[in-house]
Amino acid sequence: MTSPQNSASRSFLGVQLTNSVLPSNLIGFYGACFAGILLSTFMPQMQPYLLSEFLHIPENEQGVMSGNIAFWGEIAIIIAAGFWGTMSDKIGRRHVMAVSFVIMAIGVAGFPFAQSYPQLIFFRIIFGIGVAAFSCMTITIMADYVNDRSRGKATGFLGLANGLGAMTTVFLILRLPAIFQARGMDPHAAGMVTYFIIAGVSLLFAAWMWLSLKKHDPSTQQSSSDSFLEITKKGFRAARDHGVALSYAAAFVSRGNLAIVGTFFTLWLANYGTSELGLSRADALARGGMIVGIAQGVTLIGAPLFGILSDRLARVDALIISLLVSFIGYGGTFFIDDPFSTKMIICAIFIGLGEVGVIITSAVLIAQQTPAEIRGAVIGFFNLSGAVGILVAAKFGGYLFDHWRESGPFVLFGLLALVVTIWAIIVRKKVVPVA
């Protein structure tokens with residue numbers, strides 16, 4: 001008799017699970033999504049505090065410096081991603097996911113000990129290696145755990161978990177330095193304690209991943225040992241399909257959007273709070289976190305919404321809607337001088353919806369358009385496109401932030417979202433589902 005434990009039709013929260021995957025495994029996976037984004041948003045959003053209070057970097061130099069730190073962190077992610085994919089086939093997803101949180105903990109704990117710009121880059125690279133393992137496993141475990149017919153809904157829940165993680169950062173963690181200073185700590189000590197707490201949280205999640213995720217089953221693992229060059233070749237050839245090519249462009253925009261918010265949103269708010277409002281760096285960070293929190297908070301609504309849209313509308317149409325929302329939110333910052341104004345709150349709502357919307361709709365579209373026999377290579381190239389978007393956001397965004405206006409990085413990606421929207425409208429009738 002077939003045990004319910006082995007039933008291929010098992011579901012949880014309406015998500016159809018693949019054979020041998022338990023609801024507890026899926027809960028563990030969404031816990032990883034929550035914690036990984038919490039850590040990924042903490043590092044860049046806490047960075048303005050570290051640059052000011054630890055290294056005393058002038059505000060007019062922090063844009064380029066923040067962009068460069070993010071750039072080298074992303075280079076580490078690109079280089080390490082292929083290694084982690086291959087390792088997960090050999091030793092299991094659970095091992096790699098647990099290790100990812102250990103490595104991120106090392107990066108977080110080391111960051112406040114950096115005494116120079118090169119040392120900041122060194123610890124950010126270590127953190128990036130951990131993020132690479134986490135990001136690689138997020139996509140791979142989703143494919144392992146969830147049946148195709150539930151992908152839109154499952155991706156919506158993933159976005160919800162990400163939103164909760166980001167909100168925890170902006171509404172709780174970014175307030176910790178101000179809370180500790182109010183209790184008598186100096187700014188340096190308050191920052192150190194905050195970094196140590198988050199490093200400890202990362203280690204706790206490493207243990208949870210080890211206990212909750214599905215154990216390694218070599219018979220169910222598909223090989224993903226293609227070299228970087230092979231992935232690039234296969235992924236490039238797959239772009240002859242209009243839907244695949246459009247997905248690559250959307251990945252560029254979606255990951256760039258995420259990098260812009262993580263790297264420059266809090267920096268803009270914190271700099272304005274200290275220079276124009278006379279706030280301390282900790283108070284400016286806490287107050288700015290409230291605005292960033294609005295952007296991240298609406299992702300809790302947007303994630304399931306765009307997941308449902310992706311299952312009910314044509315996938316390209318859902319992508320077009322999300323890109324238009326992104327254009328409105330990011331492009332609208334051009335008209336903002338005071339980032340604490342009501343206009344910024346309106347833009348923050350559209351930014352949050354656009355950020356999560358393009359991530360979800362592009363992921364569902366690439367899944368639809370990817371033939372099973374080259375899925376690993378195509379998704380690898382999809383991730384590479386996103387990585388290039390982050391690099392562009394880091395390098396050009398930092399320059400625009402320091403040398404043009406603080407909204408420059410946002411305006412750039414708002415315009416890029418508009419370009420991809422026009423492309424999507426042109427090719428929408430040429431996109432034929434293949435998977």
Side-chain angles (χ1 to χ4, degrees), residues 26-50 70 73-74 77 97-112 123-124 126-139 141-142 157-180 191 193-210 212-213 255 257-263 265-266 285-286 288-300 302-303 352 355-356 359 390:
L26 189 66
I27 292 172
F29 167 67
Y30 284 135
C33 297
F34 167 87
I37 296 300
L38 183 152
L39 290 161
S40 297
T41 55
F42 167 76
M43 281 292 273
Q45 292 184 23
M46 185 67 179
Q47 196 166 278
Y49 184 90
L50 183 141
E74 191 60 29
I77 293 172
M97 185 65 92
V99 167
S100 76
F101 282 98
V102 173
I103 296 174
M104 284 190 281
I106 294 171
V108 170
F111 212 56
F123 285 112
R124 187 59 181 269
I126 292 177
F127 184 78
I129 293 171
V131 172
F134 160 74
S135 300
C136 182
M137 289 305 94
T138 298
I139 296 171
I141 291 174
M142 175 68 80
F157 283 133
L158 186 154
L160 185 64
N162 287 350
L164 287 171
M167 283 185 65
T168 301
T169 296
V170 298
F171 283 124
L172 175 60
I173 296 171
L174 292 183
R175 299 182 64 85
L176 291 180
I179 292 172
F180 292 141
V193 172
T194 300
Y195 276 103
F196 288 160
I197 288 174
I198 301 309
V201 168
S202 186
L203 291 176
L204 288 175
F205 273 96
W208 187 19
M209 294 307 98
W210 182 263
S212 64
L213 296 182
R255 302 305 295 178
N257 284 352
L258 195 62
I260 290 295
V261 172
T263 304
F265 207 169
T266 303
L285 190 68
M290 298 297 290
I291 304 294
V292 179
I294 292 172
Q296 301 299 343
V298 297
T299 65
L300 300 180
E355 176 189 323
V356 71
I359 288 174
I390 294 175

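One-based numbering along the sequence shown.
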With sequence neighbours excluded, tell me which residues meet side-chain contact (heavy atoms from CB on, under 4.5 Å) with [X].
X	answer
Ala98	Met209, Trp210
Val298	Ile349, Leu353
Ile141	Phe29, Arg93, Met97, Met137, Tyr145, Leu213
Leu172	Thr168

Open item on the list: Is there a side chain to side chain contact (heavy atoms under 4.5 Å, CB included) between Phe101 and Leu203? Walk through the geometry before answering.
Closed with: CA-CA 6 Å; Phe101 282 98; Leu203 291 176; over 6 Å; no

- [ ] Would you mind reporting whether Phe127 and Val108 have side-chain heavy atoms less than 4.5 Å apart?
- [x]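 Counting from C-beta outward, Val108 and Phe127 do come under 4.5 Å.
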
Task: Residue pair Phe34 / Asn162, side-chain heavy-atom distance below 4.5 Å - done: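 Of all side-chain heavy-atom pairs linking Asn162 with Phe34, none is under 4.5 Å.
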
Nearest 0.5 angstrom please: [X] [atom1] to [Y] [atom2], how far?
X	Y	atom1	atom2	answer
Leu176	Met46	CG	CE	8.0 Å
Phe42	Ile197	CZ	CD1	9.0 Å
Ser100	Ile129	OG	CD1	12.5 Å

The criterion is side-chain hydrogen bond (donor to acceptor under 3.5 Å, both in side chains); which residues satisfy it with [X], sequence neighbours excluded?
X	answer
Thr169	Thr41
Tyr49	Gln181
Arg255	none

- [ ] Kindly indicate, with the supporting measurements, whether the criterion side chain to side chain contact (heavy atoms under 4.5 Å, CB included) is fulfilled by Leu38 and Phe205.
- [x] CA-CA 11 Å; Leu38 183 152; Phe205 273 96; 6.0 Å; no

Task: Selection residues 195-208 - residue pairs positive for side-chain hydrogen bond (donor to acceptor under 3.5 Å, both in side chains), sequence neighbours left out - done: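 side-chain hydrogen bond (donor to acceptor under 3.5 Å, both in side chains) check on residues 195-208 returns no pairs.
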
- [ ] Take Met43 and Met104 through the side chain to side chain contact (heavy atoms under 4.5 Å, CB included) test and state the conclusion after the steps.
- [x] CA-CA 10 Å; Met43 281 292 273; Met104 284 190 281; over 6 Å; no

Locate the shortest heavy-atom distance separating [X] from [Y]; write the atom from each residue and the value.
X	Y	answer
Gly163	Thr299	CA-OG1, 3.2 Å
Gly293	Met167	O-CG, 4.4 Å
Leu50	Pro112	CD1-CA, 3.8 Å
Val102	Ala206	CG2-CB, 3.8 Å
Leu158	Cys33	CG-SG, 3.8 Å
Gly302	Val356	C-CG1, 3.9 Å

Task: Any residue meeting ring-ring contact (aromatic ring centres under 6.0 Å, His included) with Phe111, in chain and number order, not counting sequence neighbours - done: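 Listed in chain order: nothing, the list is empty.
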
Open item on the list: Using the ring-ring contact (aromatic ring centres under 6.0 Å, His included) criterion, which residues pair with Phe265? Sequence neighbours excluded.
Closed with: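 With neighbours one apart ignored, the set is Phe410.
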
